[in-house]
Enquirer: 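I'd like to ask some things about the structure below.
Both counts, for ligands and for their atoms, begin at 1 and track the order of listing. Throughout, numbering of the chain's residues begins at 1 and tracks the sequence.
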Amino acid sequence: AKQEGRNNYQWFTNDLNQRVGERVVLRNELQKAIENQDFTLYYQPQVDGRSGRVVGLEALLRWEHPSRGFISPALFVPIAEDTGQIIPLSQWVLDTACRQIKELCEQGMTGPSVAVNISPVHFQRSNFVAGISAMLSKHGLDAELLELEITETVLLNNAERAIDTLHQLKRLGVKIAIDDFGTGFSSLNYLKRLPIDKVKIDRTFVQEIISDLHDAAITQGIISMAHHLRLKVIAEGVETEPQFAFLKKSHCDEFQGYYFAKPMPFAELQDFLRARMLT
Ligand code: C2E
Ligand code: CA
Ligand code: CA
Ligand code: CA
């Protein structure tokens with residue numbers, strides 16, 4: 001399913017030579033885009049199942065290419081990781097997300113925190129925690145309003161060091177969620193040692209929970225295990241009412257997906273939140 005998702009681009013091809021060529025082109029264009037700041041953040045609401053309130057916003061990076069239109073992060077983030085361009089890009093994302101969530105607070109739309117996707121390449125940098133801390137100070141943002149979404153892959157090279165980094169982040173007061181949970185190698189053994197707040201059930205499970213008994217069982221297993229470890233559970237990619245109903249019945253805490261709202265630009269988000277506050 002991951003592979004399918006990545007093939008959704010007209011100009012993306014399976015021909016290896018062409019693909020390598022495209023990567024070189026993209027890499028150069030990415031450099032220009034970073035210099036010109038041709039990026040924008042979209043935000044997707046995360047809804048609490050009990051109160052129905054928007055408790056979080058996932059920041060999703062968008063590259064608006066002058067001629068190709070929107071290019072998916074699923075395509076350019078891996079390239080930026082290979083080239084190291086992910087570092088300035090990631091800094092831009094954090095800076096923008098912190099500034100905009102602060103702006104929401106100042107407009108009286110307090111409540112939702114912002115969740116930022118963190119590449120393992122960035123996470124493993126020695127100055128990562130200092131960078132996060134500096135960003136919070138720069139914007140005068142409460143640490144608990146920032147959530148970092150990391151994947152199990154941060155544990156791959158040096159798990160002890162990654163766990164130490166997580167403890168430092170925890171001391172700063174930022175929240176940590178494990179993204180794409182269930183898709184990686186099994187780190188169930190580590191999970192109990194990780195100072196995290198939340199696990200995020202991957203969309204590939206959510207997609208099949210109504211039609212596939214195994215995915216339903218795995219999802220319920222993840223929720224019950226996470227709750228035993230006192231972690232919150234959020235489901236991503238919730239598209240239909242039956243999926244929502246099943247997850248809610250299974251005691252999932254929070255929900256994100258097209259069923260509730262698509263990712264949207266900041267201006268639209270402000271209208272969305274304002275409208276919800278009035279009801
Ligand atoms: P992800 O972190 O798993 O993000 C969820 C993806 O699912 C997003 O795709 C989102 O738009 C999409 N989505 C949300 N709800 C639904 C739904 O109901 N149905 C379906 N079919 N899709 C839904 P997007 O925005 O294209 O991002 C793709 C991936 O790119 C993200 O996967 C994340 O891994 C990466 N990414 C996005 N922004 C950033 C960023 O700022 N930094 C880094 N390092 N990676 C990012
Ligand atoms: Ca994510
Ligand atoms: Ca995912
Ligand atoms: Ca992901």
Enquirer: Under 4.0 Å between a side-chain nitrogen and a carboxylate oxygen: does that hold for D253 and R50?
Expert: no
Enquirer: Would N117 count as being in polar contact with ligand 1, using the rule that some N or O on each side must be under 3.5 angstrom apart?
Expert: yes
Enquirer: Considering distance alone, does some N or O of Y258 sit under 3.5 Å from an N or O of ligand 1?
Expert: yes
Enquirer: Cation over ring, R62 on F70, under 6.0 Å and within 45°?
Expert: no
Enquirer: Between K232 and E254 (salt bridge meaning N to carboxylate O under 4.0 Å), is one present in this structure?
Expert: yes
Enquirer: Which atom name does D180 have for its N/O/S atom nearest to the Ca ion (ligand 3)?
Expert: OD1
Enquirer: Just which atoms of ligand 1 are under 4.0 Å from any heavy atom in P73?
Expert: 24 (P), 26 (O), 27 (O), 28 (C), 30 (O), 36 (N), 37 (C)
Enquirer: Counting each atom of ligand 1 from 1 as listed, which ones have a heavy atom of V93 under 4.0 Å away?
Expert: 41 (O)
Enquirer: Say whether S51 and D48, considering side chains only, have a donor N or O and an acceptor N or O under 3.5 Å apart.
Expert: yes
Enquirer: Output, in order, the C-alpha distance, side-chain angles, deciding distance and verdict of side-chain contact (heavy atoms from CB on, under 4.5 Å) for K198 and L231.
Expert: CA-CA 5 Å; K198 213 187 250 188; L231 303 174; over 6 Å; no
Enquirer: What N/O/S atom of E236 gets nearest to the Ca ion (ligand 3)?
Expert: OE2
Enquirer: Should you measure from each heavy atom of R62, which atoms of ligand 1 turn up under 4.0 Å away?
Expert: 11 (O), 24 (P), 25 (O)
Enquirer: Would you say Q100 and Y43 are linked by a side-chain donor-acceptor pair, where the criterion is simply a distance under 3.5 Å?
Expert: yes
Enquirer: Report, in ascending order of atom number, the atoms of ligand 1 lying under 4.0 Å from any heavy atom of Q44.
Expert: 14 (C), 15 (N)
Enquirer: In terms of atom number and element, which parts of ligand 1 are under 4.0 angstrom from non-hydrogen atoms of S72?
Expert: 26 (O)
Enquirer: Which atoms of ligand 1 have any heavy atom of G257 under 4.0 Å away?
Expert: 15 (N), 18 (O)
Enquirer: Under 4.0 Å from ligand 1, counting heavy atoms only, is it the side chain of V238, its backbone, both or neither?
Expert: backbone
Enquirer: Using heavy atoms and a threshold below 4.0 Å, how should the contact between L61 and ligand 1 be classified: side chain, backbone, both, or neither?
Expert: both
Enquirer: Give the atoms of ligand 1, by number and element, whose distance to some non-hydrogen atom of P263 is under 4.0 Å.
Expert: 11 (O)
Enquirer: To make sure I understand the geometry: which N, O or S atom in E149 is closest to the Ca ion (ligand 2)?
Expert: OE1
Enquirer: Applying a 4.0 Å heavy-atom criterion (strictly less than), which segment of D180 is in contact with ligand 1: side chain, backbone, both, or neither?
Expert: side chain
Enquirer: What angle, in degrees and rounded to 10°, do you get at the Ca ion (ligand 2) when you join it to OD2 of D179 and to OD1 of N117?
Expert: 80°
Enquirer: For ligand 1, is any non-hydrogen atom under 4.0 Å from H122's backbone (N, CA, C, O), its side chain (CB onward), both, or neither?
Expert: neither
Enquirer: If the threshold is 4.0 Å, N to carboxylate O, is there a salt bridge linking D82 and R27?
Expert: no
Enquirer: Salt bridge or not for R203 and D180, using N-O below 4.0 Å?
Expert: no
Enquirer: Could you check, using the six-membered ring where one of them is a Trp, whether F266 and Y42 have ring centers closer than 6.0 angstrom?
Expert: no
Enquirer: In terms of atom number and element, which parts of ligand 1 are under 4.0 angstrom from non-hydrogen atoms of G237?
Expert: 16 (C), 17 (C), 18 (O)
Enquirer: If you count heavy atoms of other groups shown closer than 6.0 angstrom to NE2 of H251, is the number above 12?
Expert: no
Enquirer: Between E58 and the Ca ion (ligand 2), is there a contact where an N/O/S atom of the residue lies under 3.0 Å from the metal?
Expert: yes
Enquirer: Hey, looking at atom 7 (O) of ligand 1, which of K200, R203, E81, K262 has the closest heavy atom?
Expert: R203
Enquirer: Can you pull out every side chain to side chain donor-acceptor pair (under 3.5 Å) where at least one residue sits in residues 121-134? Sequence neighbours excluded, please.
Expert: S90-H122
Enquirer: Quick one about Q44 and E58 (side-chain donor to acceptor, distance below 3.5 Å, no hydrogens or angles considered), yes or no?
Expert: no
Enquirer: I'd like to know if R274 and D271 make a salt bridge, using a cut-off of under 4.0 Å between side-chain N and carboxylate O.
Expert: yes
Enquirer: What N, O or S atom of D202 is found closest to the Ca ion (ligand 3)?
Expert: OD1
Enquirer: Under a 4.0 Å heavy-atom limit, does Q256 contact ligand 1 with its side chain, its backbone, both, or neither?
Expert: neither
